[in-house]
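Counting starts at 1 for both ligands and their atoms, following the listed order. Quick note: numbers below take in every heavy atom, side chains included, and nothing from hydrogens, waters or symmetry partners.
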Amino acid sequence: MSMCVCLSLTPILYVCLRPQMFVYLSFRAGDRLLVHTKTSADWWWAELGGLCGYVPSSYLKQDVEDKDTSEDPWQDEEYFGSYGTLRLQLEMLSDRARTEAYRQVILANSAPLRGKVVMDLGCGTGVISLFCARLAQPKAVYAVEASSIAEHTETLVRQNGCEEVVTVFQGRAEELELPGRVDILISEWMGNCLLFEFMVESVLQARDRWLREGGMMWPSGASLCLVPCQALDYYTERMGFWEQPYGLDFTALQSLAQSEFFSRPRFSHLLQPEDCLATPCDVITLDMLTLHVTDLEKLRGQFTFIVEKAGTFHGFTSWFRVQFQSLERDKTTLELDTGPYSEPTHWKQTLFMLDGPISLLGGETVSGIILLHRNPVWRRHMTVTIQWSISSTEETGNCKASILYLLGVNHNSHLPHVHLYPFQTEDVECYL
Ligand code: GJV
């Protein structure tokens, strides 16, 4: 295991000197633990193999030889390394719904954009900056990009005759000096489940440094959406398979299959509208002008779904919507919706499977909370917890369960690390 700076605390790697069993977190001599919090002089909150618990501090000594302590909690090398490839740039550019949404925003605001200074954070190949220069008449566009793709962006700007207006700045937005403040900060920062990758932090920091008083953020708002759903095909493919493959009974593998396949969210799930068991709702909404970086540590949402038709409840699906407020008063706000009722995007949707399917009747309610807990160590990752209960209108039954997920899996397989940070039940309960 490896670690780095976590919030104001500095997790340090320790080596266990003597065996110690079952005192909160069990560990053995030689185990290397990640210490999150030195709760008291005697008891520390630590993590081992994805599990957290209290450990007696006297049994630990600091592992001074840990080479990994220098590992970057932002994983910038692999993060920007992957965005330097055309594979990812192509994936984003060829996402018509996404790219067209930004083009429409610029087109609809072409008149008020005249003479304005725009910052395009994470411009990639510069497509949004080029839309600005071509479709409106801004005074200047600062196209900021940290990955090596920026070396080509400059050429594209010249080839499209926009060099008078668009200036490319290669580097991390946090470390750059711009010529001055901007009127509009535009960025396509959204990840799976809206926040994964946490590029939003870079956007908020840039806002506080470079956006002039009264300036506009695009997107101006964002929301995370959720719906209870059926996922019969996925369930059958991963669980049903073990029932009688080639006439044999492999059901003994089903619990293993459940923990292997369903203990992580399924990214790139395409939810069919008919598999929604209720009307989707926004569980978390963000105002990009007022949101603080510290708000991102723990976000909480509530939901109550009324089941619209009888069906099998396999899990929850989530996605996001972002809004682009007009620069002109009373003009319509445009929106990019990545949900099942809109044109599919490269994000698709994210499916969280339950331990097992549950039959639902029309009129029953599924209510609960969703928590997004940002990983204190790996800053581009988070844990999603959904705690829910079902109650029928006749109030004949009530069941409750929680599912714990970590979004620390490969995103388009360009983040090779998998870092488990299980959510503590106490954390959930203090929010109830
Ligand atoms: N500074 C400059 N460029 C960045 C930064 C940053 N702090 N963070 C990300 N990028 N919607 N999840 C760039 C990154 O290299 C990539 O080209 C683009 O922004 C991300 C766009 C889509 N990712 C997303």
- Give the C-alpha distance, both sets of side-chain angles, the deciding distance and a yes or no for side chain to side chain donor-acceptor pair (under 3.5 Å) between Glu145 and Ser147. CA-CA 6 Å; Glu145 174 56 50; Ser147 80; 2.9 Å; yes
- Message: Using a 4.0 Å heavy-atom cut-off, which part of Gln89 comes near ligand 1: side chain, backbone, both, or neither?
- Response: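 Within the 4.0 Å criterion, Gln89 contacts ligand 1 through side-chain atoms alone.
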- Task: Specify side chain, backbone, both or neither for Ser202, according to which of its non-hydrogen atoms lie closer than 4.0 Å to ligand 1.
- Result: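 Under 4.0 Å from ligand 1, Ser202 contributes side-chain atoms alone.
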Ion pair check, [X] and [Y], cut-off under 4.0 Å:
X: Asp76; Y: Arg379; answer: no
X: Glu177; Y: Arg209; answer: yes
X: Arg98; Y: Glu91; answer: no

- To which of Glu188, Arg172, Glu91, Gln205 does the heavy atom nearest atom 21 (C) of ligand 1 belong?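 It is Glu188 that holds the nearest heavy atom.
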- Nearest-option assignment for atom 16 (C) of ligand 1, heavy atoms, candidates Tyr83, Tyr79, Trp189: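 Of the listed residues, Tyr83 has the closest heavy atom.
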- Message: Between ligand 1 and Ser187, can you find any atom pair, the residue atom being a heavy atom, that is separated by under 4.0 Å?
- Response: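 Under 4.0 Å: no for Ser187.
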- Would one find an N or O of Val144, backbone or side chain, under 3.5 Å from an N or O of ligand 1?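 Such a contact does not occur with ligand 1.
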- Message: Considering both backbone and side-chain atoms of Met190, is one of its nitrogen or oxygen atoms within less than 3.5 Å of a nitrogen or oxygen in ligand 1?
- Response: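 Between Met190 and ligand 1, an N or O pair is found under 3.5 Å apart.
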- Message: Taking 4.0 angstrom as the limit and counting only heavy atoms of Ala173, give me the atoms of ligand 1 inside it, by number and element.
- Response: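 Listed by number with element: 1 (N), 2 (C), 6 (C), 7 (N).
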- Qualifying residue for side-chain contact (heavy atoms from CB on, under 4.5 Å) with Trp319, from Val227, Thr350, Asn192: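 Looking at Val227, Thr350, Asn192, the match for Trp319 under the side-chain contact (heavy atoms from CB on, under 4.5 Å) is Val227.
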- Message: Looking at Arg134 and Asn160, would you say the former's side chain and the latter's main chain have a donor-acceptor pair under 3.5 Å?
- Response: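 Yes; at least one donor-acceptor contact below 3.5 Å.
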